[in-house]
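Here's the structure, in C-alpha cells; my notes come after.
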Protein chains: 2
Amino acid sequence: MNNDIDVLHRIEHEMAIFIRRAEAARIAYFNATGLDRSTYLLLTHLYDNGPLSIKALADTFQLDISTASRQTASLESKGYVERTASPKDARVSLLQVTSSGSGQLLRVRSIRQSFYTELMQEWTLEETANFCDLLQKFNQTVENYSKSNKNNCGKGGSSPDGQ
Amino acid sequence: MNNDIDVLHRIEHEMAIFIRRAEAARIAYFNATGLDRSTYLLLTHLYDNGPLSIKALADTFQLDISTASRQTASLESKGYVERTASPKDARVSLLQVTSSGSGQLLRVRSIRQSFYTELMQEWTLEETANFCDLLQKFNQTVENYSKSNKNNCGKGGSSPDGQ
DNA sequence: ATGTTTAGTTGTACCATGCAACTATTATAT
DNA sequence: ATATAATAGTTGCATGGTACAACTAAACAT
C-alpha cells in the first residue's frame, strides 16, 4: 500500500458517483440505441472472438452461466446470433454473430462513439487518451484482482466499485 | 470535437467493460458491507449536507422521486435516517442521518477504502491521483452534459456510459 | 375560491442478476 | 463396463434498482 489515504477516499467517492450515473443512463441508452449494454458487449465479444460457448461468454464477463444463457437466448430471439451444436461436445452450443447482428453492432458502436465524442468535446486529446489509459489499467487491475480472489476465497470475492 | 476517433473507440470499449464490472460487483459489495450502493451514497450525502428533502435527494442523484422515496423509506426502516416534517412546508419531510446511520456510514466507508487500497496497491500514488482527477472530471462532464440535455430535449437525455 | 404546481407515496412493470434444482452429456475411477 | 462425478445449459424463483402513472395532500397564483 503506497497510496495516500486522501486519494483513496476521493477514488472511493468518485467511483460511487460514477456507478450511480452509469445506472441512471441505462434507460436513456437503451432508448437511444435499442440495445442494452449486456447485449452490446456480448455481441462485440462474439464478433471479435468467433464462435463461443455460453460458458465461455459467462467466464469472460464474469456472469453466472444462467445470466449468460438468458442473454444469449434474447440475442438469438432477435436474430443477432445463431447457435450451432458443437461437433465435439453435444452439451455445447456455439454462438456466432449473424449479419443482422453485426449490422446492429456497428450501428450502435457508431452511436456510442458519437456520444463520447460529443460528451468529451471540451477535453483535450491528451486528457482523453490519458483517461483512457488509466481506465484500461483500472479494468485490468480489477480483473486480476477478482481472478486472484476467486482462487483464494471461493466465488464472488471482489467488489471493484461503489455499491 | 478535438479528439481522435481511436481514443474515442477505446474509451467507448473500456467504459462498457468498466460498467459491466461495476454491476458484477453489486452483490459481492453488498455481502461485504451490508449496505447497497444507493444506501451508501444517500447516507454520505445526507451526512455531509445536513437535513434534506426527498426531492432534493432525487435531484442530486438524478433519480425519480419515487425511487428516492423508496430508498429513504428503506433507510428509515433500518433506523439510519430520521424524518421530521419541515416547519415551513407540510409537504416536505426532512431527512437526517441518525447516530446509527453515521456509524454504518463510517464503517462502510472504511471497508471501501481498504478495498481500494488493496486493489490499487500496485499503482503509484501519482497514477492513482491522476486517475482520480480524471474520473472526477469525467463525472463532472457527465453531470454538465445531462443537465444541459435536460433543458434542450426534455427528460432522460444523456447516456454517459456503455449499456 | 378555484385551478395549478409541487412533494411524496404506492401500484405496476422492467431489466440484470444470482442461486438452486433440474436435464443431458461427457469424463473418470475402479 | 459400469457407476459416479463433473460440466453445459435451461428454467423457476428471488432480489435490487429503476421508471412511469395514478393518486393524495399541501401550497401557490390569480
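Convention: sequence-line order gives letters A, B, ...; per-chain numbering from 1. Note that this is a predicted model, so its numbers are computed, not measured.
Positionally, the nearest nucleotide of DNA chain C for B/T67 lies more toward the 5' end than for the other of B/T67 and A/T67.
Contact annotation for A/I54: backbone-only contact, meaning every heavy-atom pair under 4.0 Å involves sugar-phosphate atoms and none involves a base.
Looking at residues two or more places apart in sequence or on another chain, you find a side chain to side chain contact (heavy atoms under 4.5 Å, CB included) between A/T98 and A/E82, A/S100. For B/E127, the salt bridge (charged side-chain N to carboxylate O under 4.0 Å, His left out) partners are A/K137, not counting sequence neighbours. The side chain to side chain contact (heavy atoms under 4.5 Å, CB included) check on B/E76 picks up B/V81, B/R83, with sequence neighbours excluded. Not a single side chain to side chain donor-acceptor pair (under 3.5 Å) links B/R70 to another residue, sequence neighbours left out.
Between the C1' atom of D/dG9 and the CG atom of A/L95 lies a distance of 11 Å, rounded to the nearest Å. What separates CG of A/D59 from P of C/dG18 is a distance of 12 Å, to the nearest Å. One atom, OH of B/Y40, and another, P of D/dG17, lie 15 Å apart when rounded to the nearest Å. Look at CG on A/L42: it is 14 Å from C1' on C/dT17, rounded to the nearest Å. Summarising the geometry, the separation between CG on A/D64 and C1' on D/dT7 is reported as 14 Å, rounded to the nearest angstrom. If you take CG of A/L63 and P of D/dA8, they are 15 Å apart, rounded to a whole angstrom. Taking atom CG of A/L52 as the reference point, atom P of D/dA8 lies 13 Å away to the nearest angstrom. In this structure, the CG atom of A/L57 is 9 Å from the P atom of D/dG9, given to the nearest Å.
Checking the phosphate oxygens (OP1, OP2) of C/dT9, no side-chain nitrogen or oxygen of B/S66 falls inside 4.0 Å. Between A/Q71 and the phosphate of C/dT17, there is a side-chain N or O to OP1/OP2 separation shorter than 4.0 Å. In this model, the phosphate group of D/dA8 is not approached by any side-chain N or O of A/S53 to a distance below 4.0 Å at OP1 or OP2.
Between the side chain of A/Q121 and the backbone N or O of A/E118 there is at least one donor-acceptor pair closer than 3.5 Å. For B/T60 (side chain) and B/A56 (main-chain N/O), a donor-acceptor pair under 3.5 Å exists by modelled atom type. A/T117 places a side-chain N or O within donor-acceptor distance of the main-chain N or O of A/Q113, the cut-off being under 3.5 Å. With hydrogens and angles ignored, the 3.5 Å screen pairs a side-chain donor or acceptor of B/T72 with a backbone N or O of B/A68.
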Q.
How would you summarise protein contacts on nucleotides 25-30 of chain D per nucleotide, using B for base, S for sugar-phosphate only and - for none, with heavy-atom distances below 4.0 Å?
A. -BS---

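At its two ends the helix from C/dA1-D/dT30 to C/dT30-D/dA1 runs along axes set 10° apart, each axis drawn from five pairs and the angle rounded to 10°.
Taking only side-chain atoms of B/V92, from C-beta outward, the nucleotide of D/dG9, C/dG18, C/dG8 with the closest atom is C/dG8.
In this pair, B/W123 and A/F138 present their aromatic rings perpendicular. The plane angle is above 60°, beyond the 30 to 60° band.
Nearest heavy atom pair, residue B/I65 against residue B/A58, reads CA-CB, 3.9 Å.
Side-chain atoms of A/R70 and base atoms of C/dG18 include a donor and an acceptor less than 3.5 Å apart.
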